[in-house]
Q: 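Supplied in structure tokens, the structure appears directly below.
What you see is a predicted model, and the numbers here were worked out from it, not measured in a lab.
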Amino acid sequence: MSPSAWSLHPTLEKDTISIGDLPLSRVLVIKDANYPWVLLVPRRPDAVEIIDLNEIEQAQLTTEINRVARALKEVTKPDKLNIAALGNVVPQLHVHIIARRTTDAAWPRPVWGAVPPLAHDPQEVEAFIAALRRKIWLS
């Protein structure tokens with residue numbers, strides 16, 4: 001794949017902090033401190049659905065989802081993990097991995113639009129990113 005063939009959707013660029021690349025996906029943290037929220041975006045041009053990836057890429061995406069979900073679970077100790085590929089607003093294929101707590105602002109509803117995004121404390125988000133990077137082998 002040519003590096004110029006793939007680019008991150010402008011909305012995802014604006015709403016996230018990039019923490020690194022796994023073999024298939026860019027790993028991003030959503031800029032919303034209400035929830036520990038990570039995205040995986042396969043670096044494949046024109047991928048909208050998981051079925052747009054070939055079978056090997058689908059298996060790699062599953063491996064990366066599992067790796068990141070386990071890391072997020074270890075780092076945050078949530079009550080529940082939400083994992084979804086929706087793409088109703090941003091068409092570029094991306095997978096949400098959200099650590100949920102029964103005390104969070106949206107529980108038990110979906111997080112989208114429940115409350116306005118909350119800015120991260122810079123030191124807290126850096127510590128969160130560092131912990132995630134160690135757990136998913138990006139350090």
Side-chain angles (χ1 to χ4, degrees):
M1 178 185 70
S2 160
S4 63
W6 179 86
S7 64
L8 188 62
H9 188 280
T11 300
L12 297 181
E13 184 77 42
K14 175 181 66 73
D15 292 345
T16 63
I17 302 163
S18 179
I19 67 170
D21 287 340
L22 293 171
L24 176 65
S25 303
R26 172 126 333 136
V27 183
L28 307 159
V29 172
I30 291 283
K31 293 178 183 175
D32 185 353
N34 287 304
Y35 323 95
W37 188 345
V38 179
L39 292 183
L40 293 179
V41 184
R43 295 183 314 280
R44 295 296 181 263
D46 303 320
V48 175
E49 308 292 348
I50 291 173
I51 59 172
D52 295 336
L53 303 175
N54 67 42
E55 290 179 357
I56 293 169
E57 292 168 334
Q58 289 175 31
Q60 181 63 37
L61 179 59
T62 298
T63 297
E64 293 178 6
I65 290 167
N66 291 341
R67 180 187 297 179
V68 173
R70 282 188 186 103
L72 187 60
K73 186 175 181 179
E74 287 179 32
V75 169
T76 65
K77 310 288 190 248
D79 296 311
K80 179 74 175 98
L81 286 176
N82 291 170
I83 301 173
L86 302 173
N88 297 344
V89 175
V90 174
Q92 183 173 48
L93 176 59
H94 59 287
V95 178
H96 299 265
I97 306 171
I98 310 166
R100 300 293 307 274
R101 293 194 176 82
T102 58
T103 57
D104 75 36
W107 186 266
R109 298 171 318 279
V111 297
W112 291 275
V115 295
L118 179 65
H120 284 285
D121 173 274
Q123 291 175 316
E124 287 179 14
V125 76
E126 283 304 316
F128 173 64
I129 288 169
L132 273 181
R133 291 184 92 238
R134 279 191 303 277
K135 294 282 184 187
I136 58 177
W137 314 319
L138 284 174
S139 44

Q: Between Val75 and Lys135, which heavy-atom pair has the shortest distance, and what is it?
A: CG2-CG, 3.9 Å

Q: Scan residues 103-120 for pairs that pass side-chain hydrogen bond (donor to acceptor under 3.5 Å, both in side chains), counting only residues two or more places apart or in two chains.
A: Arg100-Asp104

Q: To check you understand the geometry: which heavy-atom pair defines the closest contact between Lys77 and Arg101, and what is its length?
A: O-NE, 4.2 Å

Q: Can you tell me how far apart CD (Gln58) and CD (Glu49) are? Round to the nearest 0.5 Å.
A: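 Rounded to the nearest 0.5 Å, the CD-CD separation comes to 11.0 Å.
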
Q: Would you mind reporting whether Leu22 and Leu138 have side-chain heavy atoms less than 4.5 Å apart?
A: yes

Q: Any side-chain heavy-atom pair from His96 and Asn82 closer than 4.5 angstrom?
A: no

Q: For atom NZ of Lys31, is the number of surrounding heavy atoms from other residues, nucleotides or ligands below 6.0 Å larger than 12?
A: yes

Q: Please say whether more than 12 non-hydrogen atoms of neighbouring residues, nucleotides or ligands are located less than 6.0 Å from CG in Asp46.
A: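 Atom CG in Asp46 is not packed in, count stays at 12 or less.
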
Q: What heavy-atom pair brings Ala106 and Ala114 nearest, and what distance separates the two atoms?
A: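 Here Ala106 and Ala114 meet closest at CB-CB, 3.4 Å.
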
Q: Heavy atoms, side chains only, cut-off 4.5 Å: are Leu132 and Val27 in contact?
A: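 They are not in side-chain contact.
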
Q: Flag yes if Ile97 and Ile17 sit in one hydrophobic cluster, no otherwise; membership is Ile, Leu, Val, Met, Phe, Trp, Tyr, and two members link when side-chain heavy atoms are under 4.5 Å apart.
A: yes

Q: Quick check against the 3.5 Å criterion: does Glu57 have a side-chain atom that pairs as donor or acceptor with the backbone of Asn54?
A: yes

Q: Find out if a path of hydrophobic residues (ILVMFWY) with successive side-chain heavy-atom gaps under 4.5 Å connects Ile98 to Val89.
A: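 Yes, Ile98 connects to Val89 through the hydrophobic network.
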
Q: So, do Val95 and Leu39 sit near enough that their side-chain heavy atoms are less than 4.5 Å apart?
A: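 The answer is no, as the side chains (C-beta and beyond) never meet within the 4.5 Å cut-off.
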
Q: Excluding sequence neighbours, so at least two apart, what forms side chain to side chain contact (heavy atoms under 4.5 Å, CB included) with Pro23?
A: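 Side chain to side chain contact (heavy atoms under 4.5 Å, CB included) list for Pro23, sorted by chain: Gln60, Glu64.
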
Q: Hey, is Asp52 close enough to Arg44 for a salt bridge, meaning N to O under 4.0 Å?
A: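 Answer for the salt bridge query: no.
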
Q: Determine the minimum heavy-atom distance between Ala105 and Val115, stating which atoms define it.
A: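 Here Ala105 and Val115 meet closest at CB-CG2, 3.6 Å.
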
Q: Check for me, please, whether Leu28 and Leu86 land in the same ILVMFWY cluster - side-chain distances under 4.5 Å, paths through other members count.
A: yes

Q: Return the minimal non-hydrogen interatomic distance between Leu61 and Ser25, and the atom names on each side.
A: CD1-OG, 3.7 Å

Q: What's the spacing between Leu8 CG and Thr11 OG1 if we round to 0.5 Å?
A: 9.5 Å

Q: How many angstroms lie between CG in Asp15 and NE2 in His9, if you round to the nearest 0.5 Å?
A: 10.5 Å

Q: Looking at residues at least two apart in the chain, or sitting in another chain, which of them share a side chain to side chain contact (heavy atoms under 4.5 Å, CB included) with Ala99?
A: Pro36, Leu72, Thr76, Pro78, Leu81

Q: I need the single residue from Leu53, Val41, Leu40 that forms a side-chain contact (heavy atoms from CB on, under 4.5 Å) with Leu93. Which is it?
A: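 That would be Leu53.
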
Q: Would you name the heavy atoms of Arg26 and Ser18 that are closest together and state the gap between them?
A: CD-OG, 3.4 Å

